[in-house]
Amino acid sequence: MHYGNAAGPSEQVSADVREAVEDAVWAPSVHNTQPWRFGVRGARISLSADIDRRLDVADPDGREMLISCGAALYNLRSSLHALGYTPGVRLLPDPDRPNLLADVYLEPGERPDEESQRERAQIRRRRSHRGGFRADPLPPGILAAMRLDAEGEGAQLVEAVDVHVKGALAALTEAAEHVQERTPAYAAEIARWAPSPRTSRADGVQERAYPQRPPQSTPHFPARDFARGHGWGAQSTSDAGAASAGVVLLLVSGGDAPADRLRAGQALQRALLRATESGLSAAFHTQALEVPELRVFVRDRFCGGSYPQMLLRLGVAAGEDLGSVRRPVDEVMMEEP
Ligand SMILES: Cc1cc2nc3c(=O)[nH]c(=O)nc-3n(C[C@H](O)[C@H](O)[C@H](O)COP(=O)(O)O)c2cc1C
């Protein structure tokens, strides 16, 4: 392993850093805002929040922005690990710069094992699902493994087993959807991040990412209204017969400070990569967590006082998941002096 000399990092390290950032950006982010920047200085990568990309209406305090950046941080770590480094991470290293979320230092690592290579390979395979699931049971042990993944990153993944809890979470999602749709500022924000099919943008939730006719599942968790009455959406055959809501999960954390949210994002991504490897897909429904009163309700009723960070459904998607886009890495990665 060569970390370069006084003149700078070796070409190999620079190439590896670039590859790792290319993986990092394939993290999920709310409305595909990709609210991150990576500053590179030698063998140190700084992850910052790009607050111009925060959702001022749905996410005014940047909670979902931090979860998104946490997911990107996990990808970065996973990729570096598989490239043979041991990434040392300092979360929120400078109290005077709250948008500097993490410094990641490349330390010499062990020879990468097969497990870390396999995990890294899932980064670009994972896609958000926006439909129903087959009724197939989950592979044995997968939920337990995902729970351990989440705990390993400092969060908890809790299954909503009770049929009434699942039903209540679906109904709260529907209530939030109604509240948001009748709020003009929220509708304008969705419109900004769900561009028309003719777009040349490399961010936002685009037509290819959601089905034109999302299937009804029981209980029904409404999708966000990205098409806004235009009839947009992919003609997908993939959900034929996929009427199950899947396994409903809440990702929760003991606190709700920026560090807890960053940890929740890392926990989410670690668990999602494992799910992807097992042939599972996840659908996110975070509308209720964006309405402050509903988030408090979910917390008090269903999270035992822990803070709900994500609501997701997990299962075997019928057919392919749909497509997504990312900005080129040169737009988000800069060399720092
Ligand atoms: C914090 C957070 C909240 C999200 N909420 C939703 C949601 O409510 N509905 C949805 O369809 N997707 C949701 N997503 C998924 C993003 O829209 C998705 O990650 C993004 O469009 C990129 O697509 P990809 O995950 O397929 O790469 C959320 C993602 C994150 C990280």
Side-chain angles (χ1 to χ4, degrees), residues 23-36 49 53-55 58-59 61-75 122-132 155 169-170 172-174 176-177 179-181 186 189-190 192-195 199 201-211 214 221-227 233-234 246 248-253 260-273 275-276 281-291 294-295 298 307-314 317 320-327:
D23 279 342
V25 302
W26 282 97
S29 63
V30 63
H31 292 6
N32 202 13
T33 45
Q34 305 169 42
W36 42 62
R53 290 176 165 268
R54 189 188 59 203
L55 302 176
D59 187 32
D61 74 347
R63 186 182 61 81
E64 291 180 290
M65 177 186 73
L66 291 178
I67 292 172
S68 307
C69 289
L73 177 58
Y74 188 79
N75 277 0
Q122 309 312 315
I123 291 175
R124 297 188 197 212
R125 290 186 57 224
R126 182 212 59 79
R127 285 278 68 76
S128 295
H129 183 64
R130 295 195 173 86
L169 291 171
L172 288 163
T173 305
E174 178 141 28
E177 194 56 34
V179 169
Q180 294 186 335
E181 282 189 25
Y186 178 84
E189 190 170 75
I190 276 262
R192 209 162 64 245
W193 288 103
T199 187
R201 280 170 54 177
D203 58 7
V205 182
Q206 307 203 351
E207 186 183 38
R208 74 183 86 161
Y210 52 88
F221 283 77
R224 294 200 196 250
D225 185 15
F226 295 116
V248 177
L249 298 168
L250 280 160
L251 179 74
V252 307
S253 54
D260 298 301
R261 296 166 173 185
L262 283 170
R263 288 194 190 99
Q266 293 176 87
L268 174 73
Q269 187 64 1
R270 179 164 162 183
L272 288 177
L273 293 180
T276 307
S281 300
F284 303 103
H285 296 272
T286 54
Q287 299 100 314
L289 306 184
E290 292 166 355
V291 177
L294 297 184
R295 185 168 184 239
V298 172
Y307 291 86
Q309 304 293 0
M310 291 295 286
L311 171 57
L312 53 139
R313 298 182 293 118
L314 184 74
E320 296 287 295
D321 280 333
L322 300 173
S324 192
V325 289
R326 291 300 185 277
R327 292 181 291 155

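Both counts, for ligands and for their atoms, begin at 1 and track the order of listing.
Residue Met310 approaches ligand 1 through these ligand atoms, each under 4.0 Å from one of its heavy atoms: 1 (C), 2 (C), 3 (C), 30 (C). The distance from ligand 1 to the heavy atoms of Phe226 drops below 4.0 Å at these ligand atoms: 11 (O). If you number the atoms of ligand 1 from 1 as listed, the ones under 4.0 Å from a heavy atom of Ser128 come out as 15 (C), 18 (C), 19 (O), 24 (P), 25 (O), 26 (O). Within ligand 1, the atoms closer than 4.0 Å to a non-hydrogen atom of Ser68 are 31 (C), numbered from 1 in the order shown.
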Audit row: Thr199, Gln206, side chain to side chain donor-acceptor pair (under 3.5 Å) steps and yes/no: CA-CA 8 Å; Thr199 187; Gln206 307 203 351; 4.7 Å; no
From CA spacing to verdict: side chain to side chain donor-acceptor pair (under 3.5 Å), Arg125, Gln122: CA-CA 5 Å; Arg125 290 186 57 224; Gln122 309 312 315; 2.5 Å; yes
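At a heavy-atom cutoff of 4.0 Å, ligand 1 is contacted by the side chain of Ser324 but not by its backbone. Heavy atoms of Val205 found under 4.0 angstrom from ligand 1 belong exclusively to the side chain. In His31, the part holding a heavy atom less than 4.0 Å from any atom of ligand 1 is the backbone. Of the heavy atoms in Arg127, both backbone and side-chain atoms come closer than 4.0 Å to ligand 1. At a 4.0 Å heavy-atom cut-off, ligand 1 touches Arg326 through the side chain alone. Heavy atoms of Phe221 found under 4.0 angstrom from ligand 1: none, in either backbone or side chain. Counting heavy atoms under 4.0 Å from ligand 1, residue His285 touches it through the backbone alone.
Ser68 contributes a side-chain N or O that, together with a main-chain N or O of Val30, makes up a donor-acceptor pair within less than 3.5 Å. The backbone N or O of Val325 lies less than 3.5 Å from a partner atom in the side chain of Asn32, making a donor-acceptor pair. Listed for the Glu207 side chain is a donor-acceptor partner under 3.5 Å among the backbone atoms of Gly233.
With sequence neighbours excluded, the residues that form a side chain to side chain contact (heavy atoms under 4.5 Å, CB included) with Arg124 are Glu22, Asp23, Trp26. Checked against side chain to side chain donor-acceptor pair (under 3.5 Å), Gln180 has the following partners two or more places apart in sequence or in another chain: Tyr186, Glu290.
Of the residues Arg63, Glu64, Gln309, the one that meets the side chain to side chain donor-acceptor pair (under 3.5 Å) test with Thr286 is Glu64.
Checked against a 3.5 angstrom limit, the closest N/O atoms of Phe284 and ligand 1 fall inside it. Looking at Arg224 next to ligand 1, an N or O pair under 3.5 Å apart turns up. At a 3.5 angstrom cut-off on N or O pairs, Ser29 counts as close to ligand 1.
Here the heavy atom of the protein found nearest to atom 30 (C) of ligand 1 is Val30 N, 3.5 Å. For atom 12 (N) of ligand 1, the closest non-hydrogen atom on the protein side is Arg130 NH2, 3.4 Å. Looking only at heavy atoms of the protein, atom 5 (N) of ligand 1 is closest to Thr286 OG1, 2.8 Å.
For the pair Arg201 and Trp193, the cation sits on the ring face: its NZ or CZ lies under 6.0 Å from the ring centre, inside 45° of the axis.
Within the 4.5 Å cutoff, side-chain heavy atoms of Pro308 are placed close to those of Arg295.
Closest approach of Arg53 to Gln34, counting heavy atoms only: CD-O, 3.5 Å.
Under the 4.0 angstrom criterion for non-hydrogen atoms, Gln309 is not in contact with ligand 1.
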